[in-house]
*Asks:* 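Mind having a look at this structure? Questions to follow.
Every heavy atom of this structure was used, including side-chain atoms; hydrogens, water molecules and symmetry mates were not.
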Amino acid sequence: PVQILSYLGGVVKVEETDLKSRMGFLYPIVTHNISVFINATREQDSGQYMCTVNVVDDTIRLDKNVGVINLTVLVPPAAPTCQLHGTAVVGANVTLSCSSKKGKPSPMYQWQREPPTPQVFFPPAQDWARGTLKLTNLSLEMSGVYVCRAENQAGSNNCSIVLEV
């Protein structure tokens with residue numbers, strides 16, 4: 001554990017960490033509420049935070065003087081990359097893939113074909129976790145714009161690919 005913020009003898013001290021300019025007590029200490037804030041959260045701020053309260057001349061009991069909270073900073077998916085694997089000729093099979101380099105938790109992927117002939121796909125053709133869409137026995141009518149949406153609790157992003165059979 002690394003101490004990042006303290007109040008001792010009437011003095012607030014913020015230690016030299018990457019949180020220094022972004023963290024502080026939410027209320028004046030005299031209110032007895034020692035909530036803290038973190039501004040401009042980053043993925044690396046995720047972790048376990050511990051609050052220890054020691055009162056002068058009070059018996060220190062570790063189970064009573066410590067509060068612990070786990071912080072998980074969610075990250076929206078980065079713009080995904082769409083790719084075509086295989087040769088798009090009549091009767092062939094191809095796989096469309098979609099992947100995002102960032103996202104916490106890992107994004108789920110949803111493929112769909114855009115108008116004028118919209119279509120939504122389901123398993124087993126589509127793998128939401130891996131971001132793949134398998135198209136079998138291609139026909140000319142399967143040509144079009146295919147859009148992949150990468151989504152998690154923090155947001156979404158998409159990419160598209162043109163399939164010409």
*Asks:* Please name the pair of heavy atoms, one in Pro107 and one in Pro77, separated by the smallest distance, quoted to 0.1 Å.
*Replies:*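 Where Pro107 meets Pro77 most closely, the heavy atoms are CB-CG, 3.8 Å.
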*Asks:* Parallel, tilted or perpendicular, judged at 30° and 60°: which one describes the rings of Tyr146 and Phe121?
*Replies:*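 Plane angle under 30°, so parallel.
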*Asks:* Of the non-hydrogen atoms in Gln3 and Glu15, which two are nearest, and what is the gap between them?
*Replies:*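 Of all heavy-atom pairs spanning Gln3 and Glu15, the closest is O-CG, 3.0 Å.
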*Asks:* Do Thr87 side-chain atoms and Val89 backbone N/O form a donor-acceptor pair below 3.5 Å?
*Replies:*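 Judged by distance alone, no pair lies under 3.5 Å.
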*Asks:* What is the distance from atom CD of Gln44 to atom CG of Leu19, rounded to the nearest 0.5 Å?
*Replies:*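 Reported to 0.5 Å precision, the distance equals 9.0 Å.
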*Asks:* Any side-chain to backbone donor/acceptor pair from Ser46 onto Val73? Under 3.5 Å, distance only.
*Replies:*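 Side chain of Ser46 to backbone of Val73: a pair is present.
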*Asks:* Looking at Asn158 and Cys148, would you say the former's side chain and the latter's main chain have a donor-acceptor pair under 3.5 Å?
*Replies:*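 Not a single qualifying donor-acceptor pair exists.
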*Asks:* Is there a donor-acceptor contact under 3.5 Å from the side chain of Trp111 to the main chain of Gly131?
*Replies:*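 Side chain of Trp111 to backbone of Gly131, a donor-acceptor pair under 3.5 Å: yes, one is there.
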*Asks:* What I want to find out is whether Asp127 reaches Lys134 closely enough, with some N-O distance under 4.0 Å, to be called a salt bridge.
*Replies:*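 No, Asp127 and Lys134 are not salt-bridged.
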*Asks:* Compare the SG-SG distance of Cys82 and Cys159 against 2.5 Å and report whether it is shorter.
*Replies:*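 A disulfide, yes.
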*Asks:* In terms of side-chain heavy atoms, does Ser139 have a donor or acceptor partner in Glu141 at a distance below 3.5 Å?
*Replies:*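 Their side chains do contain a donor-acceptor pair, which is all the 3.5 Å distance test asks for.
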*Asks:* So does Leu8 get a backbone contact from the side chain of Ser6, meaning a donor-acceptor N/O pair under 3.5 Å?
*Replies:*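 Judged by distance alone, no pair lies under 3.5 Å.
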*Asks:* Return yes if some donor-acceptor pair links the side-chain N/O of Thr52 with the main-chain N/O of Val66 below 3.5 Å, else return no.
*Replies:*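 It does not hold such a pair.
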*Asks:* Using atom types as modelled and distance alone, determine if a side-chain donor or acceptor of Ser143 lies under 3.5 Å from a backbone N or O of Val165.
*Replies:*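 Judged by distance alone, yes, a pair lies under 3.5 Å.
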*Asks:* Within the side chain of Arg22, is there an N or O that forms a donor-acceptor pair under 3.5 Å with the backbone of Ala40?
*Replies:*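 Pair found, side chain donor or acceptor close to backbone of Ala40.
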